[in-house]
Amino acid sequence: MTITIVGHGYVGLVTACVFADFGNKVWVIGHTEEKIDRLKKGDPIIYEPGLKELLEKNLKSDRIHFTTDYQKPAAESEIIFITVGTPPKADGEADLSAVFEVSHKIAKNLRREFTVVSCKSTVPVDTNKKIEQILLKEKPDNVEIAVASCPEFLREGTGLHDTLNPDRIVIGSNSKKAIGLLLDLHEPLNGKRVITDLASAELIKYTSNSILATKISFANLISFFCEKTGADAETVLDAVGFDHRIGRIFMDPGVGYGGSCFPKDVKALLQTGKNLGINVNFLQAVEDINEQAKINIIQKIKKFSPGKKIALWGLSFKPNTDDIRFAPSIYIIENLVKNNFIIKAYDQIASKNIERIFGKQIELVQNPYEAVKNADALVIVTEWNEFKQADLMKVKKLMKHPVIFDGRNIYEPANMKKLGFKYFSTGRKTIL
Ligand code: UGA
């Protein structure tokens, strides 16, 4: 098949490389020439494990092509995926301007007898219908279109693995022909097929992300109970998670969820609910608990840090990505800087992105040990593997005071006691 992907972010580029690797001809459309030039040279722009290699391989095989021009891709492709961003507006509603803007451009450039336009961006219920209206109004008379909603469930940091091993492939459409073509394209992939209508497909995506965010907020809420009562959050959540109806996954308490998805999607569902007159207090609580999780670590640092010099490990919103959108690190840095803390931070790959926000307000260093030199306390914000087995004796020697605030519970309290650290973690007893 020949397909087009509009957008080259985490979803767009991963999807493009995977389908190209299956042997399809894939066009990727972007709107910045400079970025398209980099992509043509094999630079994925974003960091996602394995993506650069897959991009280079498919560029060499001449199966993936990058452009800013819609003409050829739209005229050639059987399926066009929209994967552009839908960031939150000030009121939390999803900003759909990019989705509609590209829909206009696609419409004008359609030339095939029949084209499927499928939205992979996370969009509120009814958006695909609006895309369809734009396409029907602006397409040439002699071509036919069908829209389909194909939500994407990949996680950043494991994007390729998730795309190649989906739990389910959801296709929402009223057109049998569109469903048939999309099923053909996804043929090499395992996973349950869910064929449904547009609105259900749109809502499946928000439901998935909101339930996952709810699990995290629930774990954080329980960790607040544990901190007040002396119970141990990890033991409580492990025991609860052994119940298969509940499961332990996505119940790691910490500094709260970040990233470009959960914060935005919970907000957008909240806003849609309000617009529909539905009581959405439950979703509001999920959000509030997430805010409280970030506030908690700040309060602990302010109360218990023996001094103002802070080392910070981990800046990305989760490990294995350079993405800092809505990362808890941003909130933590902002608040610590406001309270006159001096920060030396380290992250394997997200430092450049953080530098764009904070400039010289914080010092960014090249390795975790440099960050802790003379520090009064170490704050762990992202659970990168390299921190899990760091040389803690070396860390202790380098620090001015052996104090750790662990926002991701990566160390065993008993071990920290043995090593002689003051150790503040999440929902577990403090080691003093
Ligand atoms: C999330 C979903 O997991 C994907 O299925 C979905 O496709 C994606 O959003 C999207 O809508 O595009 P992602 O945001 O990339 O994926 O990463 P997650 O692994 O879900 O982590 C999100 C946040 O939750 C991170 O800040 C992570 O640290 C936090 N988290 C996760 C916790 O605090 N506790 C947990 O137990 C799990």
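The basis for the numbers below is simple: all heavy atoms, side chains too, and nothing from hydrogens, waters or symmetry mates. In what follows, residues are counted from 1 in the order of the sequence shown. Counting starts at 1 for both ligands and their atoms, following the listed order. Since the model is a prediction, treat every value here as computed from it, not as a measurement.
Looking only at atom types and distance, the side chain of Tyr423 has a donor-acceptor partner in the side chain of Asp406 under 3.5 Å away. If you check the side chains of Ser200 and Asp197, you find a donor sitting under 3.5 Å from an acceptor. A side-chain donor from one of Arg168 and Ser208 sits under 3.5 Å from a side-chain acceptor of the other.
Between Cys261 and ligand 1, not a single N/O pair is under 3.5 Å apart. Checked by distance only, ligand 1 and Asp252 come closer than 3.5 Å through their nitrogen or oxygen atoms. Taking only nitrogen or oxygen atoms, main chain and side chain alike, Arg155 does not reach within less than 3.5 Å of ligand 1. Ligand 1 has no nitrogen or oxygen under 3.5 angstrom from a nitrogen or oxygen of Thr122. Considering backbone and side-chain N/O of Met251, one or more are found under 3.5 Å from N/O of ligand 1. Annotation: Arg408 places an N or O atom under 3.5 Å from an N or O atom of ligand 1; distance criterion only. The distance criterion of under 3.5 Å between nitrogen or oxygen atoms is met by Gly258 with respect to ligand 1. Ligand 1 has no N or O atom lying under 3.5 Å from any N or O atom of Gly259, backbone or side chain.
Of all atoms in ligand 1, listed by their number and element, those nearer than 4.0 Å to a heavy atom of Glu152 are 7 (O). Taking every non-hydrogen atom of Asn209 and a distance limit under 4.0 Å, the qualifying atoms of ligand 1 come out as 2 (C), 6 (C), 9 (O), 10 (C), 11 (O).
Residues Arg248 and Phe242 have side chains not in contact (no heavy-atom distance under 4.5 Å, counting atoms from C-beta outward). Side-chain contact between Ile82 and Val84: present, with at least one pair of heavy atoms (C-beta onward) separated by less than 4.5 Å. With a 4.5 Å cut-off on side-chain heavy atoms, Val194 and Ile169 do not count as touching. A heavy-atom distance below 4.5 Å is found between the side chains of Leu185 and Ile79.
Contacts of Arg248 with ligand 1, taken as heavy-atom pairs under 4.0 Å, are absent altogether. Counting heavy atoms closer than 4.0 Å to ligand 1, residue Phe262 contributes side-chain atoms (C-beta onward) but none from N, CA, C or O. Only the backbone of Leu154 comes within contact range of ligand 1, with a heavy atom under 4.0 Å; no side-chain atom does. Under 4.0 Å from ligand 1, the heavy atoms of Ile216 that appear belong solely to its side chain.
The aromatic rings of Trp27 and His65 sit tilted relative to each other, their planes meeting at an angle between 30° and 60°. Note: Phe405 and Phe424 have parallel aromatic rings, judged against thresholds of 30 and 60 degrees for the angle between ring planes.
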